[in-house]
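In what follows, a single structure is set out as structure tokens and then discussed.
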Amino acid sequence: MEPGELRPRSLGGWRVRTLSGGEGVEAYTFPDPPGAEGREVDPTHVFPVAERPVRWGEAVVPDLGRAVYTTSDGALVCVDRAGTELWRFALGATGPAVCDFSLDGALVWLCRLAETASDLATDQWVVLDAATGAVLASADLGTRGVCATHFAHPAGAEMVLDVGYPEMSGRLFRGRPDGGRIVVDEVPLGAGAGMTGDAVVDLSPDGTRFLTMDQELTVRSYPDGEVVATVTGEDLGDPEADPGGERSVSLTPMPGGYLDAGTAIVAAHVDYDEEPEDEDTDPDEGPPYEWYETHLVDTRTGAVLGRFGEPAADAPGLIPLGDGSWVVLDDERGRWVRHGR
């Protein structure tokens with residue numbers, strides 16, 4: 001399988017991540033310390049599949065007993081560890097399923113985006129029985145997003161759903177099943193009710209805060225959405241103090257997220273109008289000279305703690321795991337490597 005981007009799955013203190021490709025659905029777990037020099041990451045289990053999965057349309061149950069994946073003909077298929085099909089759900093869509101398992105593995109949460117489902121006018125949130133694939137409940141969200149991401153809340157009862165819109169905006173929902181319905185509440189993102197707000201970056205490992213981004217990074221309390229702290233590009237160092245002339249910094253949502261419960265990695269796109277003396281730049285390129293930087297932020301106060309000067313820290317593919325470690329794709333080895341502090 002070719003290296004690709006690992007997909008996050010928050011499990012409140014440790015993480016499962018998934019990757020889909022021609023061989024199957026790969027599940028990665030990270031229960032042990034990575035080691036000072038970094039450790040190559042191998043899948044804990046690979047779920048065989050009968051059909052090539054659509055990338056980004058997969059999820060794995062926390063105990064690694066089963067997986068779901070999206071097929072090219074618009075179905076969500078559940079398989080056991082041996083790859084035996086357990087059930088199949090017709091999506092009525094052409095893109096990957098936005099899905100995730102509940103922490104206890106009993107439910108599959110599915111967001112059907114109207115953008116890719118011809119039978120929908122607005123986005124729909126569906127809860128399936130993970131054992132049978134039967135629909136237990138559904139709710140019309142009244143949104144029409146272009147993407148979505150699930151966050152399983154560490155408390156266990158709730159699922160959090162970010163519905164993304166263009167131009168780094170979105171709406172955030174929290175849901176829990178109640179009999180034959182889903183109780184849905186919207187989490188404020190700095191806009192009025194029913195209006196799009198900042199784009200969601202990550203949920204904290206303990207589920208008490210989350211990160212959003214527009215032109216600045218905002219730390220918000222969960223579930224009320226109150227602002228705890230903000231960080232701007234100007235906070236990431238003094239432009240006049242840096243070598244290489246005038247420096248322009250703009251924040252980007254990726255790579256970024258919670259490194260641990262109180263610290264986040266924030267990524268910045270940096271432009272200089274003169275070639276910096278301490279950075280590697282292409283001598284054939286003219287200004288502006290540009291690259292990514294990553295910085296650490298205290299999410300309790302918003303204080304910038306400095307550059308994240310760790311192995312492969314400025315790689316665009318860096319993924320923080322929330323337990324003080326992170327993974328990054330090693331281009332030379334073509335493998336994912338996990339590092340720790």
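- Between the side chains of Thr44 and Thr29, at least one donor N or O sits under 3.5 Å from an acceptor N or O.
- Between Asp123 and Ala114 the shortest heavy-atom distance is OD1-N, 2.8 Å.
- The two residues Thr149 and Val98 have their closest heavy-atom pair at N-CG1, 4.1 Å.
- Within the 3.5 Å criterion, the main-chain N or O of Ala97 finds a donor-acceptor partner in the side chain of Thr70.
- A heavy-atom distance below 4.5 Å is found between the side chains of Val231 and Val304.
- The existence of a salt bridge linking Asp162 and Arg171 is excluded, since no basic side-chain nitrogen approaches an acidic carboxylate oxygen closer than 4.0 Å.
- No side-chain heavy atom of Phe308 sits under 4.5 Å from any side-chain heavy atom of Val266.
- By the 4.0 Å N-to-carboxylate-O rule, Arg176 lies too far from Glu158 to be salt-bridged with it.
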Start with the C-alpha distance between Thr299 and Thr263, add both sets of side-chain angles, then the distance that settles side-chain contact (heavy atoms from CB on, under 4.5 Å), and finish with yes or no. CA-CA 6 Å; Thr299 58; Thr263 312; 5.9 Å; no
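- Asp298 places a side-chain N or O within donor-acceptor distance of the main-chain N or O of Arg300, the cut-off being under 3.5 Å.
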Could you go step by step and tell me if Val328 and His339 meet the side-chain contact (heavy atoms from CB on, under 4.5 Å) rule? CA-CA 8 Å; Val328 69; His339 298 276; 3.9 Å; yes
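- Side-chain contact check for Leu86 versus Asp80: some heavy-atom pair is nearer than 4.5 Å.
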Verdict with reasoning, Val200 to Leu189, per side-chain contact (heavy atoms from CB on, under 4.5 Å): CA-CA 9 Å; Val200 176; Leu189 293 178; 4.1 Å; yes
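- With rounding to the nearest 0.5 angstrom, the CG atom of Leu161 is 5.0 Å from the SG atom of Cys111.
- Arg307 has a carboxylate O that lies under 4.0 Å from a charged side-chain N of Glu293, or vice versa, which qualifies the two as a salt bridge.
- Leu136 and Leu141 fall within the same hydrophobic cluster, defined by Ile, Leu, Val, Met, Phe, Trp and Tyr side-chain heavy atoms under 4.5 Å apart, directly or through other members.
- Scanning both residues, Leu172 and Glu186, for their nearest heavy atoms gives O-CG, 3.3 Å.
- Between the side chain of Thr218 and the main chain of Met213, no donor-acceptor pair closer than 3.5 Å is present.
- We find that Asp140 and Arg112 are not joined by a salt bridge, their nearest charged nitrogen and carboxylate oxygen being 4.0 Å or further apart.
- A donor-acceptor pair under 3.5 Å links the side-chain atoms of Arg220 to the main chain of Gly225, judged by distance alone.
- Note on ring orientation: taking the six-membered ring where Trp is involved, the planes of Phe210 and Tyr222 are perpendicular (angle over 60°, cut-offs 30° and 60°).
- Across all non-hydrogen atoms, the minimal contact from Ala137 to Ile182 is CB-CG1, 3.6 Å.
- Within the 4.5 Å cutoff, no side-chain heavy atoms of Val68 are placed close to those of Val77.
- Distance alone, capped at 3.5 Å, places no donor-acceptor pair between the Asp178 side chain and the Arg181 backbone.
- Note: Phe30 and Trp326 fail the aromatic proximity criterion, with ring centroids not under 6.0 Å apart.
- Of the possible polar contacts, one joining the Asp202 side chain to the Tyr258 backbone as a donor-acceptor pair under 3.5 Å is found.
- For the pair Val184 and Trp125, the minimum side-chain heavy-atom distance is below 4.5 Å.
- Side-chain contact, Ser221 with Arg209: no donor N or O sits under 3.5 Å from an acceptor N or O.
- Looking only at distances, no side-chain donor or acceptor of Thr143 sits under 3.5 Å from a matching main-chain atom of Gly145.
- A side-chain donor-acceptor contact under 3.5 Å links Ser102 to the backbone of Leu107.
- In this structure, the side chain of His153 engages the main chain of Gly207 through a donor-acceptor pair within 3.5 Å.
- Using a 4.5 Å heavy-atom threshold, the side chains of Thr84 and Val79 count as separate.
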Can Glu58 and Phe47 be said to form a side-chain contact (heavy atoms from CB on, under 4.5 Å), step by step? CA-CA 11 Å; Glu58 76 285 338; Phe47 293 83; over 6 Å; no
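- Between Phe89 and Gly133 the shortest heavy-atom distance is CD1-O, 4.1 Å.
- Arg81 and His45 share a donor-acceptor pair across their side chains, judged by distance under 3.5 Å alone.
- Ser138 places no side-chain N or O within 3.5 Å of a backbone atom of Val126 that could act as its donor or acceptor partner.
- A continuous path of ILVMFWY side-chain contacts below 4.5 Å connects Val135 to Leu110, so both sit in one hydrophobic cluster.
- The two residues Leu76 and Trp87 come nearest to each other via the heavy atoms O-CZ3, 3.9 Å.
- With salt bridges taken as basic N to acidic carboxylate O contacts below 4.0 Å, one links Glu51 and Arg88.
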